[in-house]
Amino acid sequence: MAYWLMKSEPDVFGIDDLKRNQVEPWDGVRNYQARNFMRDHMQVGDGVLFYHSNTKPPGIAGIAEVASKPYDDPTQFDPEAKYFDPKSSLDKPRWQLVDIKYIRHLQRYLSLDELKQHTDVLTDFPLLRKGNRLSVMPVEAEHWQYILNLEQA
DNA sequence: GCCAACGTTGGC
DNA sequence: GCCAACGTTGGC
């Protein structure tokens, strides 16, 4: 069992939307590193920290779970789709995704500011690394546990 | 294969 | 709205 953090802009798709839909294909990832995490390393049942980016304040909003094996992101084939990729094709698909299932909101929102106050424990937490732009990143088990404890604090 | 130009992310 | 970081593109 592995743990992940996935970013989304709440104006586009936030934790409330996930709660409403329950399960959602995590489409639109167009970064190879992020894709590789989904395609090569995610397993059904893995834990996901649902992070709100590009909002005030940014932070972790809830918990979700990987709900499918990786499969081809359908939006890459659709010329009308925002995430259409003309270099992708049905026989040579570039982008894969997984479905994400809603588990729960955090009891309280953990802002990026607050997380930054714990860099002593959250060393090498990718989210806190300078210049980090990855939308999908691995979370170590100890960090996962620590963050869920912070929620109670 | 190098690298400058350009585009995107995302915090501030 | 600014800008740092950094990935991608394309000319050579």
Side-chain angles (χ1 to χ4, degrees), chain A residues 2-21 24-42 46-66 70-100 102-140 142-144 146-151 153:
Chain A
Y3 302 97
W4 308 96
L5 181 144
M6 297 171 89
K7 293 181 186 173
S8 187
E9 302 187 14
D11 290 348
V12 179
F13 188 86
I15 188 78
D16 294 334
D17 301 300
L18 185 62
K19 183 178 186 180
R20 194 176 319 115
N21 298 4
E24 184 75 9
W26 204 261
D27 58 19
V29 170
R30 294 295 179 266
N31 169 283
Y32 290 107
Q33 216 180 335
R35 177 205 66 184
N36 292 349
F37 286 134
M38 292 198 288
R39 188 188 64 182
D40 304 334
H41 300 291
M42 282 194 183
D46 281 358
V48 174
L49 298 172
F50 195 110
Y51 180 83
H52 282 178
S53 66
N54 238 315
T55 188
K56 276 189 174 179
I60 299 169
I63 306 289
E65 186 178 288
V66 176
Y71 61 97
D72 293 340
D73 181 342
T75 63
Q76 71 192 300
F77 307 125
D78 176 4
E80 303 299 313
K82 183 183 173 197
Y83 298 111
F84 174 61
D85 183 350
K87 291 178 181 167
S88 193
S89 63
L90 279 167
D91 51 323
K92 277 202 167 181
R94 281 192 170 190
W95 306 109
Q96 283 75 36
L97 53 69
V98 295
D99 291 344
I100 293 300
Y102 177 80
I103 301 295
R104 62 179 180 85
H105 281 59
L106 287 190
Q107 294 170 39
R108 63 187 191 89
Y109 188 76
L110 293 177
S111 71
L112 181 61
D113 261 355
E114 178 172 356
L115 293 170
K116 280 179 177 169
Q117 291 163 23
H118 299 270
T119 42
D120 50 332
V121 183
L122 299 177
T123 42
D124 293 327
F125 192 51
L127 182 73
L128 301 179
R129 272 209 289 267
K130 194 178 175 182
N132 164 67
R133 288 174 10 192
L134 263 186
S135 61
V136 176
M137 61 188 82
V139 175
E140 291 171 29
E142 310 87 82
H143 292 167
W144 172 273
Y146 186 76
I147 286 164
L148 292 194
N149 289 341
L150 268 189
E151 184 191 7

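Letters go in sequence order (proteins before strands), and every chain restarts at 1.
Nucleic acid contact for Lys56(A): none, since no nucleic acid atom lies under 4.0 Å from a heavy atom of the residue.
Looking at Tyr83(A), Phe50(A), Trp4(A) one by one, the single match for ring pair (Phe, Tyr, Trp, His ring centres under 6.0 Å) with Trp26(A) turns out to be Phe50(A).
Residue His105(A) holds its NE2 atom at 6.0 Å from NZ of Lys19(A), rounded to the nearest 0.5 Å. Distance NZ/Lys56(A) to OG/Ser111(A): 13.5 Å, rounded to 0.5 Å.
First and last contacting nucleotides of DNA chain C toward chain A (any atom under 4.0 angstrom from a heavy atom, 5' to 3' order): dA5(C) to dT9(C).
Remark: the Ser135(A) side chain and the Arg35(A) side chain contain no N/O donor-acceptor pair separated by less than 3.5 Å.
For Trp95(A) and Tyr32(A), the ring centers are positioned less than 6.0 Å apart.
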